[in-house]
A.B. asks: 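Below is the structure I would like to discuss, written out as structure tokens.
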Amino acid sequence: MSMSVEKIGKTIDEAVSLALEELKVEKKDVNIEVIDEGNKGLFGLLGSKQARVKVTVKNGTNSRIEKFLKDIFSEMDLEVEISITETQDKIMINLAGENMGILIGRRGETLDALQYLVSVLVNKGGEGYKKVIIDTENYRQKREETLVRLAHRVADRVIKYNKSVTLEPMNPYERRIIHSALQENKRIETYSVGEEPNRKVVIAMR
């Protein structure tokens, strides 16, 4: 996904600096096209014209993602190794280091927040949409397995006592896991209630 911006400034260097700041990348990671060199005009006043440049990120979004995350981790005083794998429609980011529990947060809320921010960064002004997945210590798979076990355990309780159960608030991804886990159960139905971010899954008898 090619990302580029056009900027103007009193000088070419100033215009480039403005572009780098907006793209959140370093000069080594971009191609610079000078559209107009500008001029100072007579005595630096009359007929002056600002410089205009077009700055394009060389290698897609990876360098922008890495810099964005490193800035966040630096503020959190964390040393994190970032691995990025990109396919045609998906960007998968794995984080490794000490104290990764801090990045996971309660029920993965911090990890989900990072994933949302990176998704906005990747897809803002781009052509088409790329799904972003951020994981650490295989948390996503472990969480999915935990939710599937929870779904079946609660479903058994609903059948045993013939009484519906409302689960804790979950994000859309986790709610889909619950719905999917029980969709083949002919005695159970699932549906969501409430408003985001406190939307919950209800497991009930059909």
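No experiment lies behind these values; they were computed from the predicted model shown.
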A.B. asks: Which residues end up grouped with Met205 if you chain together Ile, Leu, Val, Met, Phe, Trp and Tyr wherever their side-chain heavy atoms are less than 4.5 Å apart?
C.D. replies: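 Cluster partners of Met205: Leu147, Val148, Leu150, Val154, Val158, Ile159, Val165, Leu167, Met170, Tyr173, Ile177, Ile178, Leu182, Ile188, Val201, Ile203.
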
A.B. asks: Scan residues 72-85 for pairs that pass side chain to side chain donor-acceptor pair (under 3.5 Å), counting only residues two or more places apart or in two chains.
C.D. replies: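 Checked against side chain to side chain donor-acceptor pair (under 3.5 Å) - neighbours excluded - no pair reaches residues 72-85.
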
A.B. asks: What's the shortest heavy-atom distance between Ala204 and Ser164, and which atoms?
C.D. replies: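 For Ala204 and Ser164, the tightest heavy-atom pair comes out as CB-CB, 3.6 Å.
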
A.B. asks: Output the rest of the hydrophobic cluster of Tyr161: all Ile, Leu, Val, Met, Phe, Trp and Tyr residues reachable through side-chain heavy-atom contacts under 4.5 Å, sorted by chain and number.
C.D. replies: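 Traced through the cluster, Tyr161 reaches no other member.
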
A.B. asks: Return the set of residues passing side chain to side chain donor-acceptor pair (under 3.5 Å) with Glu137 (not counting sequence neighbours), or none when no residue passes.
C.D. replies: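 Result, side chain to side chain donor-acceptor pair (under 3.5 Å) vs Glu137: none returned.
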
A.B. asks: If every non-hydrogen atom of Leu20 is compared with every non-hydrogen atom of Val55, which pair is closest and at what distance?
C.D. replies: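 Closest approach of Leu20 to Val55, heavy atoms only: CD2-CG1, 4.4 Å.
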
A.B. asks: Could you give all pairs that pass the salt bridge (Lys or Arg N to Asp or Glu O under 4.0 Å) test and reach residues 152-175, with sequence neighbours left out?
C.D. replies: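 Residue pairs passing salt bridge (Lys or Arg N to Asp or Glu O under 4.0 Å), neighbours aside: Arg107-Glu168, Arg143-Glu168, Arg143-Glu174, Arg175-Glu196.
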
A.B. asks: Do any N or O atoms from the side chain of Thr136 and from the backbone of Leu95 form a donor-acceptor pair under 3.5 angstrom?
C.D. replies: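 Yes: the side chain of Thr136 pairs with the backbone of Leu95.
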
A.B. asks: Working to the nearest 0.5 angstrom, can you tell me the gap between Ile102 CD1 and Leu111 CG?
C.D. replies: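 That separation rounds to 13.0 Å.
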
A.B. asks: Not counting sequence neighbours, which residues clear salt bridge (Lys or Arg N to Asp or Glu O under 4.0 Å) with Asp71? List them please.
C.D. replies: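 Lys67.
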
A.B. asks: Is Glu66 salt-bridged to Lys70, going by a charged N under 4.0 Å from an acidic O?
C.D. replies: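 Looking at Glu66 and Lys70, the cut-off is met.
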
A.B. asks: For Glu145, check side chain to side chain donor-acceptor pair (under 3.5 Å) against everything at least two apart and list the hits.
C.D. replies: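 Only Gln141 meet the side chain to side chain donor-acceptor pair (under 3.5 Å) criterion with Glu145.
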
A.B. asks: Tell me, please, which residues at least two apart from Glu14 pass salt bridge (Lys or Arg N to Asp or Glu O under 4.0 Å).
C.D. replies: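 So Glu14 forms no salt bridge (Lys or Arg N to Asp or Glu O under 4.0 Å) with any residue.
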
A.B. asks: List for me each residue that meets salt bridge (Lys or Arg N to Asp or Glu O under 4.0 Å) alongside Lys131, sequence neighbours excluded, and say none if there are none.
C.D. replies: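 Checked Lys131 against salt bridge (Lys or Arg N to Asp or Glu O under 4.0 Å); zero matches.
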
A.B. asks: Looking at every heavy atom in both His179 and Ser192, which two are closest together, and how far apart are they?
C.D. replies: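 Of all heavy-atom pairs spanning His179 and Ser192, the closest is NE2-OG, 3.2 Å.
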
A.B. asks: Could you state whether Leu69 and Val120 fall into the same hydrophobic cluster, counting links through intermediate Ile, Leu, Val, Met, Phe, Trp or Tyr residues with side-chain heavy atoms under 4.5 angstrom apart?
C.D. replies: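 Leu69 and Val120: one cluster.
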
A.B. asks: Could you work out the complete set of other residues in the hydrophobic cluster of Leu18, with links drawn between I, L, V, M, F, W and Y side chains under 4.5 Å apart?
C.D. replies: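 Via sub-4.5 Å side-chain contacts, Leu18 links to none.
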
A.B. asks: Applying a strict under-4.5 Å side-chain criterion to I, L, V, M, F, W and Y, I'd like to know whether Ile8 and Val16 cluster together.
C.D. replies: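 Cluster IDs for Ile8 and Val16 differ.
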
A.B. asks: For a side-chain contact (heavy atoms from CB on, under 4.5 Å) check, start with the C-alpha distance between Glu6 and Ile35, then their side-chain angles and the critical distance, and finish with the verdict.
C.D. replies: CA-CA 9 Å; Glu6 289 188 18; Ile35 298 173; 3.6 Å; yes

A.B. asks: If you look only at pairs with a residue in residues 109-120, which of them pass as a side chain to side chain donor-acceptor pair (under 3.5 Å), with sequence neighbours excluded?
C.D. replies: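 Listed once each, the pairs are Asp112-Arg140, Asp112-Asn171, Gln115-Arg140, Ser119-Asn123.
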
A.B. asks: Kindly work out whether a path of hydrophobic side-chain contacts (I/L/V/M/F/W/Y, heavy atoms less than 4.5 Å apart) joins Val122 to Met92.
C.D. replies: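 Different clusters.
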
A.B. asks: Specify the closest pair of heavy atoms between Pro197 and Pro169, including all atoms of both residues, with the distance to one decimal.
C.D. replies: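 Looking at all heavy atoms of both residues, the closest pair is O-CB, 4.1 Å.
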
A.B. asks: Within a reach of under 6.0 Å around CD of Glu37, are more than 12 heavy atoms found that belong to other residues, nucleotides or ligands?
C.D. replies: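 Incorrect, the count does not exceed 12.
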
A.B. asks: To the closest 0.5 Å, what do you measure between CZ (Arg64) and NZ (Lys24)?
C.D. replies: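 Between atom CZ of Arg64 and atom NZ of Lys24 there are 8.5 Å.
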
A.B. asks: Check whether any side-chain heavy atom of Met100 sits under 4.5 Å from a side-chain heavy atom of Val80, and report yes or no.
C.D. replies: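 Sidechains of Val80 and Met100: in contact.
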
A.B. asks: I want to check something: taking the side chain as every heavy atom from C-beta on, are Lys7 and Arg52 in contact at a cut-off of under 4.5 Å?
C.D. replies: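 The answer is no, as the side chains (C-beta and beyond) never meet within the 4.5 Å cut-off.
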
A.B. asks: Considering only heavy atoms from C-beta outward, does the side chain of Tyr129 approach that of Asp89 to under 4.5 Å?
C.D. replies: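 When only atoms from C-beta onward are counted, Asp89 and Tyr129 do not touch, as no gap falls below 4.5 Å.
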
A.B. asks: Mind checking whether Ile93 and Asp135 have side chains closer than 4.5 Å, heavy atoms only?
C.D. replies: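 No, side chains not in contact.
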
A.B. asks: Can you list the residues that meet the side chain to side chain donor-acceptor pair (under 3.5 Å) rule with Asp13, with sequence neighbours excluded?
C.D. replies: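 Applying side chain to side chain donor-acceptor pair (under 3.5 Å) to Asp13 gives none.
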
A.B. asks: Side-chain heavy atoms under 4.5 angstrom apart, residues restricted to Ile, Leu, Val, Met, Phe, Trp, Tyr: same cluster for Ile65 and Leu78?
C.D. replies: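 Yes, Ile65 and Leu78 fall within the same hydrophobic cluster.
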
A.B. asks: Are the side chain of Tyr139 and the backbone N or O of Gly108 linked by a donor-acceptor pair below 3.5 Å?
C.D. replies: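 Side chain of Tyr139 to backbone of Gly108, a donor-acceptor pair under 3.5 Å: yes, one is there.
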
A.B. asks: Honestly curious: do Ile133 and Leu117 fall in one hydrophobic cluster under the side-chain, below-4.5 Å linking rule?
C.D. replies: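 Not linked; separate clusters.
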
